[in-house]
Amino acid sequence: MSEKSKINRIRNIGIIAHIDAGKTTVTERILYYTGRSHKLGEVHDGEAIMDWMPDEQERGITITSAVTTCHWKEAEIQIIDTPGHVDFTIEVERSLRVLDGAIGVFCAVGGVEPQSETVWRQADKYKVPKMAFVNKLDRVGADFFGTVEMMKEKLHANPLVLQLPVGSEDDFNGVIDLIEMRTIVWDDETLGAHYQIEDIPESMIDKTRQYREQLVETVAEHDDDIMEAYLSDAAIAPEVLQSAIRRATCALKLVPVLCGSALRNKGIQPLLDAIVRFLPSPIEVPPIKGINPETGDTVTCKSSDTAPLAALIFKVSMMEGRKLSFVRVYSGRLKAGDDIYNPFLKKTEKLSRILRMHANKRDRIDVAGAGSIVGVVGLKLSSTGETLCSAKHPVLLERIEFYEPVISIAIEPKTHADQDKISQVLEKFLAEDPTLRVRQDEDTGQTILSGMGELHLEVIISRMQREFNTQVNVGKPQVVHRETIETEAEGNAIFDKEIAGQRQFGAVTLRLKPLPRGSGVRFASRVRAETIPEIFIPVIEKGVMESLESGTLMGYPVVDVDAMLVGGSFRESHGTELAYKVAASIACKNALNNAKPYLLDPIMKVEVFVPEAFMGEVIGDLNARDGKIEAIESQAGIQVIKAVVPLAQMFGYSTVLRSATQGRGTFTMQFSHFDRP
């Protein structure tokens, strides 16, 4: 087989969705029907192959993205099953960064839910071609067409309906294929492994023709050949239509929509066919670009085994105490035993083993070519977001953006033995999870752990106890604030000391000014070279920026501040970088104190789903929590209340909501911005 046809058969896809839409169940069915597993793993039984961590099995949710490979009709499908919970959004972000295609799974009852929007936007950000699978059509209240409409409204997507459901809720038993114009009905006795091809039911012929016409019309808008055939009323062969849909999907113009019920084993084989037919291979997506760190020139990394190596570490995991790096190979080949170069660290590391992953199981392989997603053992220094390449052809790929944590807890070891282990254990978690932060509180001596939400920190504590047998006492969750200033103010400082026999002098005057929310921190200089020589301006800026990392109120980072260097003085032969850096830091702290500093709270975007009867009570409670109601929408028999609420007011909200709505209310929450409560 030629190299090109081999890479052409690869499909790197991710399954993305809101929590509880059925991502892991879809993945489990894919593994079963492709022969990768011989038993249907169920999430609710804690037996899903892709949810292999004990915490995932207990909670019935996906926490960490798992990688696996399966084969379908000569194609090699590499799948990443991602979490749906907002606390683990980074897992989705870094997976989408390395994927060539994504399948958005939507619950036919809930439609497009808040986290569905978040992950869809993440896929848009990385220009990932997408397909949609409307799941749970067997559930009471399932609405396939309503979900398609929500995709247009909420996601601004251009959905292309390829299938219609036959029956609904308890009567759902198959789908109509609008390309081949036939009905597919699954056999329950063989767990959906076998299905029959039947004629379209009489009662649905008109509706099918209408949607087939819509399908051809929509594709014709994006394809000249189909437009020509459509205008001349010529018959369009299924293969021609499929090729046109593939081109439009890869060009991000259309989103093919399929439907089924993964739990009832219906709809998965056509989904697999659609993955192979409509989602791109590594050759069909635009080649990734990087920068040559030595020359600054743009480097294009062609998807070919013979091109120079370019690979990205998108995730690091500690498995059985060993560091396992998950790598996407964009171009070239990784070989076990090779020396590879990390241009970010400017260091060479040795690859000891390459592993093809199947959740937490793995097979050793000797070589991984372009388009592969593999596990790598032996990289001691390299971490998430860093590039691997050859020293002769260095290239730096764009790093992955990480999110800032919004919630903290204090932890302290229970015994002396735990005291010794705790820092090593946390180091391993920090290597795995870029959204986790650890610091020591200077006043109390406690270790402060910061993360993306209560569940995120809960899982970390649980893993400390389970995987590393480290017992800790945990304090109440605390909100991670930011600090800013109310008014313009100046601060000055003179550093004039003799250190190691040398006089060190620096004098700095700074003016701080508040900026609009979300502006970040800026620095500029207005002094002339005769006041302070230009050589010292960068160290003054460094001193200011370091000082703003820890505010004067409670030590939180300072944001939305403009720092202007407005004055100072210089002494010939005594002026030093150290003196100006220290003076800038002290002047900055003085200015902060004079500028009326205050705290900013993390404000969360909250969506509460409640039956209408409980609306008044829920809205009253949100108002009491300093929440601002932004919208109330009606959706499939329930009301959706959209609000923004300070995070500090949301601790324990799930318990309050359950008791106020007799257990029928649910909510989702994600970080919006920092502001005054």
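None of the values given here were measured: they were computed from a predicted structure.
Between the CG atom of L388 and the CG atom of N342 there is a distance of 6.0 Å, given to the nearest 0.5 Å. Between the SG atom in C389 and the CD1 atom in I340 there is a gap of 8.5 Å [rounded to 0.5 Å]. Separation of atoms NZ (K414) and OG1 (T470) is listed at 11.5 Å; rounding is to 0.5 Å. Distance check, rounded to the nearest 0.5 Å: CD1 of I291 to OG1 of T387 gives 10.0 Å. Here the CG atom belonging to L381 is positioned 6.5 Å from the NZ atom belonging to K347, to the nearest 0.5 angstrom. How far CG of N593 is from CD1 of I485: 11.5 Å, rounded to the nearest 0.5 Å.
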(message) Assess the residue pair D100 and R328 against the criterion (side-chain contact (heavy atoms from CB on, under 4.5 Å)); give the C-alpha distance rounded to whole Å, side-chain angles, the decisive distance to 0.1 Å, and a yes or no.
(response) CA-CA 11 Å; D100 303 324; R328 160 75 195 254; 3.1 Å; yes
(message) Before you tell me yes or no, could you show the steps for V559 and L515 under side-chain contact (heavy atoms from CB on, under 4.5 Å), namely the whole-Å CA-CA distance, both residues' side-chain angles and the distance that decides it to 0.1 Å?
(response) CA-CA 9 Å; V559 294; L515 290 174; over 6 Å; no
(request) For the pair V98 and Y330, evaluate side-chain contact (heavy atoms from CB on, under 4.5 Å) and give the outcome as yes or no after the intermediate values. (result) CA-CA 9 Å; V98 298; Y330 285 102; 3.7 Å; yes
(request) Please test N594 against L512 for side-chain contact (heavy atoms from CB on, under 4.5 Å), starting from the C-alpha separation and ending with a verdict. (result) CA-CA 9 Å; N594 298 336; L512 298 185; over 6 Å; no
(request) Kindly determine whether K642 and E607 satisfy salt bridge (Lys or Arg N to Asp or Glu O under 4.0 Å), including the steps that lead there. (result) CA-CA 5 Å; K642 298 185 175 185; E607 292 201 3; 3.8 Å; yes
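Residues passing the salt bridge (Lys or Arg N to Asp or Glu O under 4.0 Å) test with D601, sequence neighbours excluded: none. Residues passing the ring pair (Phe, Tyr, Trp, His ring centres under 6.0 Å) test with Y556 are H481, sequence neighbours excluded. Applying the side-chain contact (heavy atoms from CB on, under 4.5 Å) criterion to K350, with sequence neighbours excluded, gives D339. Residues meeting the side-chain hydrogen bond (donor to acceptor under 3.5 Å, both in side chains) test with E630, sequence neighbours left out: none. R333 is linked by a salt bridge (Lys or Arg N to Asp or Glu O under 4.0 Å) to nothing, counting only residues two or more places apart in sequence or in another chain. E546 pairs by the salt bridge (Lys or Arg N to Asp or Glu O under 4.0 Å) definition with K581, not counting sequence neighbours. Scored by the salt bridge (Lys or Arg N to Asp or Glu O under 4.0 Å) test, E386 finds R399 as partners (sequence neighbours excluded).
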Considering only distance and modelled atom types, tabulate donor-acceptor pairs under 3.5 Å from the side chains of residues 565-576, sequence neighbours left out.
| unit_1 | atom_1 | unit_2 | atom_2 | d |
| --- | --- | --- | --- | --- |
| R571 | NH1 | D496 | OD2 | 3.2 |
| T576 | OG1 | Q504 | OE1 | 2.6 |
| T576 | OG1 | A579 | N | 3.2 |

Identify each donor-acceptor pair in which a side-chain atom of residues 370-377 lies under 3.5 Å from a protein atom, sequence neighbours left out, and give them as a table.
| unit_1 | atom_1 | unit_2 | atom_2 | d |
| --- | --- | --- | --- | --- |
| S372 | OG | G369 | N | 3.4 |
| S372 | OG | G369 | O | 2.8 |

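Screening residues 526-542 for side chain to side chain donor-acceptor pair (under 3.5 Å), with sequence neighbours left out, gives no hits. Residue pairs meeting the side chain to side chain donor-acceptor pair (under 3.5 Å) criterion with at least one partner in residues 287-297, sequence neighbours excluded, are T295-D297. For residues 582-591, every residue pair satisfying the side chain to side chain donor-acceptor pair (under 3.5 Å) rule, not counting sequence neighbours, is listed here: S547-K589.
A donor atom on one side chain and an acceptor atom on the other are not found under 3.5 Å apart for T484 and D560.
Between P129 and K127, the shortest heavy-atom contact is CD-O, 3.5 Å. Residues V544 and A563 come closest through the heavy atom pair CG1-CB, 3.8 Å. Nearest heavy-atom pair, I16 versus A123, reported as atom, atom and distance to 0.1 Å: CD1-CB, 4.3 Å. When all heavy atoms of A583 and V508 are compared, the pair lying nearest together is CB-CG2, 4.0 Å. The shortest non-hydrogen separation linking S382 to I313 is CB-CD1, 3.5 Å. Here the closest heavy-atom approach between residue M545 and residue R522 is recorded as CE-C, 4.2 Å.
Under the 4.5 Å side-chain criterion, counting only non-hydrogen atoms from C-beta, L592 is not in contact with E483. Taking the side chain as every heavy atom from C-beta outward, L309 and V329 approach each other to under 4.5 Å. In this structure, N469 and Q471 have side chains that are in contact, with non-hydrogen atoms separated by less than 4.5 Å. Looking at heavy atoms from C-beta onward, L647 lies out of side-chain contact with V480 at the 4.5 angstrom threshold. Side-chain contact check for P343 versus L396: some heavy-atom pair is nearer than 4.5 Å. Looking at heavy atoms from C-beta onward, K421 lies out of side-chain contact with M464 at the 4.5 angstrom threshold. Taking 4.5 Å as the limit, some side-chain heavy atom of V395 sits within range of a side-chain heavy atom of C301. The side-chain heavy atoms of R482 and F674, taken from C-beta on, include a pair separated by under 4.5 Å.
For the pair K130 (side chain) and V128 (backbone), a donor-acceptor distance under 3.5 Å is present. When atom types are taken as modelled, the side chain of R439 and the backbone of S450 share no donor-acceptor pair closer than 3.5 angstrom.
Other residues, nucleotides and ligands contribute at most 12 non-hydrogen atoms within 6.0 Å of the CD1 atom of I494. More than 12 heavy-atom neighbours from other residues, nucleotides or ligands sit within 6.0 angstrom of CG on L553. Counting non-hydrogen atoms of other residues, nucleotides and ligands closer than 6.0 Å to CD of E486 gives a total above 12.
R625 forms no cation-pi arrangement with Y653, by the criterion of a distance under 6.0 Å to the ring centre and an angle within 45° of the ring axis.
Taking the charged nitrogens against the carboxylate oxygens, E490 and R511 do have a contact shorter than 4.0 Å, which makes a salt bridge.
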